[in-house]
Amino acid sequence: MKVYPFKIPKPVDEHLIVQIDKEPIFYNRLHQHEEIQISHIINGNGKLLVGDSVHQFSAGDTYVIGSNLPHIFKSIPQEKDAHMVTVFFTDKSFGSDFFMLPYFKDLKQFFFNATTGFKVITNKEIIAQQLIELQSQNRLKRFISFLELLENLSQISTEPLSSFIYSKTLSVNEGERLQEIFDFVLKNFQQSISLDEISKMAFMTPNAFCKFFKQRTNKTFFQFLIELRIEHACQLLSSKKELNINLVSDMSGFNSISNFNKKFKKLKGITPTQYQQSLLQ
DNA sequence: AGACCGCCCACTGTAAAATT
DNA sequence: AATTTTACAGTGGGCGGTCT
């Protein structure tokens, strides 16, 4: 399958695509598409890269990915298949003026939040239920439910996934290059990575690499790397609470606890142990 | 667009102290 | 005892400028 850009397979007269993914792992390429994507994770967990940011996803989460936002659900293989329900559509799916009609004024918040992508925080169950029910409904009912879903998504509180708005679509080459970089980093973040190393694998001089990465993601490579490592640490802390902090720091690619603590607090606002304790409640 | 240079500051790890 | 914070010094990365 082509890395970039991504085309959502669409029947000729279908405007609202409901897709079920149930495979050992999710599609593991960085990709972007015009369609806005609403995805509910039924099973599976891993890291979600959106634009310039790293998040952990797990079963029960619902995400909205805006138009042309590069993203990848990098799942951790498990005994059970990764499983998600997704709705694809564009603001033009029902005619270019459809969502401009005054009836949809209240959906403005949704479309605004979608541009950076967001995670559903409140009313999770209701929204998940609505998404799941879409699968089995006939077209008219599905359309009605879909509008209700958008209404709900406009009213809930959300958490943005990325701070950077992609104004342009990446070229195929740029996409492939970023894909290779992300692949490499996801495999190797537990060891130390130097600028020389990463730029060599991208076939660029260190300087060109810095500029390339910054330009496409709005953050430096090492900022991204730190965020990835801290997200990994969070995953460890939540899945294996018997691990001590020292070990978690090691396993996440940090060479000193002092640095790990510093970076953890800077990104999460609390110390690793506080984070661990907050999960127990 | 990428290569090369150079300055400056952010990040890194060590060690030790403070906090739980 | 384990974890977190602080101080400090050395280094590598960020980035502006300039050239190809």
Side-chain angles (χ1 to χ4, degrees), chain A residues 2-5 30-32 47 49-56 68-70 116 162-281:
Chain A
K2 204 69 186 158
V3 179
Y4 253 75
L30 182 75
H31 63 292
Q32 66 181 166
K47 296 187 181 67
L49 311 189
V50 180
D52 59 351
S53 307
V54 195
H55 308 268
Q56 326 168 33
N68 285 321
L69 259 182
T116 57
S162 150
S163 52
F164 192 52
I165 297 171
Y166 277 71
S167 48
K168 60 166 190 190
T169 58
L170 301 171
S171 75
V172 174
N173 277 343
E174 287 172 342
E176 279 172 354
R177 190 173 272 188
L178 275 177
Q179 169 73 42
E180 280 168 25
I181 294 167
F182 286 140
D183 270 353
F184 179 83
V185 178
L186 283 165
K187 274 201 204 88
N188 295 294
F189 69 89
Q190 283 162 321
Q191 286 99 53
S192 33
I193 299 173
S194 73
L195 180 58
D196 271 342
E197 220 177 320
I198 188 74
S199 34
K200 259 194 203 110
M201 83 128 306
F203 304 105
M204 285 190 259
T205 61
N207 208 311
F209 175 78
C210 284
K211 280 179 182 162
F212 173 81
F213 197 90
K214 181 69 180 270
Q215 215 170 56
R216 267 62 173 196
T217 66
N218 200 35
K219 64 179 59 167
T220 68
F221 173 73
F222 287 90
Q223 260 176 296
F224 170 79
L225 180 57
I226 290 166
E227 284 170 30
L228 182 67
R229 285 173 167 161
I230 295 294
E231 283 306 324
H232 184 75
C234 287
Q235 222 156 29
L236 288 175
L237 288 170
S238 54
S239 63
K240 304 193 178 81
K241 62 177 197 291
E242 70 279 3
L243 287 177
N244 73 34
I245 305 296
N246 214 325
L247 202 55
V248 171
S249 156
D250 252 17
M251 292 167 72
S252 308
F254 289 90
N255 292 319
S256 70
I257 318 150
S258 90
N259 199 27
F260 171 67
N261 280 323
K262 213 183 299 179
K263 289 286 139 48
F264 195 98
K265 187 153 190 190
K266 191 176 170 194
L267 279 171
K268 294 286 162 187
I270 51 177
T271 64
T273 28
Q274 282 172 333
Y275 179 86
Q276 205 165 26
Q277 278 157 6
S278 74
L279 293 169
L280 298 176
Q281 286 149 32

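Residue numbers start from 1 in every chain, and the chains themselves are labelled A, B, ... in the order their sequence lines are given, proteins ahead of strands.
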Interatomic distance, [X] [atom1] vs [N] [atom2] [rounded to whole Å]:
X	N	atom1	atom2	value
A:Leu225	B:dC11	CG	P	12 Å
A:Lys265	C:dT3	NZ	P	16 Å
A:Ile198	C:dG14	CD1	C1'	16 Å
A:Lys219	C:dC15	NZ	P	13 Å
A:Asn261	C:dT6	CG	C1'	12 Å
A:Lys214	C:dG13	NZ	P	16 Å
A:Phe222	B:dA10	CZ	P	16 Å
A:Phe264	C:dT3	CZ	P	13 Å

Rounded to the nearest 0.5 Å, how far does OG of A:Ser199 lie from CG of A:Asn207? 9.5 Å

Euclidean distance, A:Lys200 NZ relative to A:Ser194 OG, rounded to 0.5 Å: 7.5 Å

Looking only at heavy atoms, what is the nearest atom pair of [X] and [Y], with distance?
X	Y	result
A:Leu228	A:Lys47	CD1-CD, 3.4 Å
A:Ser53	A:His55	CB-NE2, 3.5 Å
A:Lys263	A:Ile226	CD-CG2, 3.6 Å

Between A:Phe213 and A:Phe224, how do the two ring planes meet: parallel, tilted or perpendicular, split at 30° and 60°? tilted

Indicate, with a heavy-atom threshold strictly under 4.0 Å, whether A:Pro272 touches base, sugar-phosphate, or nothing. sugar-phosphate

So if I take the C1' atoms of five pairs at each end of the helix from B:dA1-C:dT20 to B:dT20-C:dA1 and get each local axis, what angle do the two axes make, rounded to 10 degrees? 50°

Look at the side chain of A:Gln190 and the backbone N and O of A:Met251, then say whether any donor-acceptor pair between them is shorter than 3.5 Å. yes

I'd like to check A:Phe260 versus A:Arg229 (side-chain heavy atoms, cut-off strictly below 4.5 Å). Are they in contact? no

Can you tell if the side chain of A:Phe212 reaches within under 4.5 Å of the side chain of A:Ile181, non-hydrogen atoms only? yes

Of all the choices, [options], which nucleotide is nearest to the side chain of [X] once you look at every atom?
X	options	value
A:Ala208	C:dT5, B:dA3, C:dG14	B:dA3
A:Ile226	B:dG2, C:dT3, B:dT12	B:dT12
A:Leu195	C:dG13, C:dC15, B:dA3	C:dG13

Can you say whether a donor on the side chain of A:Lys211 sits under 3.5 Å from an acceptor on the base of C:dG13, or the other way round? no

Examine the base of C:dG16 for any acceptor or donor lying under 3.5 Å from a partner atom in the side chain of A:Asn207, and report the outcome as yes or no. yes

Polar atom pairs between nucleotides 13-15 of chain B and protein, under 3.5 Å, N or O only, would you list them?
| from | atom 1 | to | atom 2 | distance (Å) |
| --- | --- | --- | --- | --- |
| B:dG13 | OP1 | A:Asn255 | ND2 | 2.7 |
| B:dG13 | OP2 | A:Ser256 | OG | 3.4 |
| B:dG13 | OP2 | A:Asn259 | ND2 | 3.3 |
| B:dT14 | O4 | A:Ser258 | OG | 3.1 |

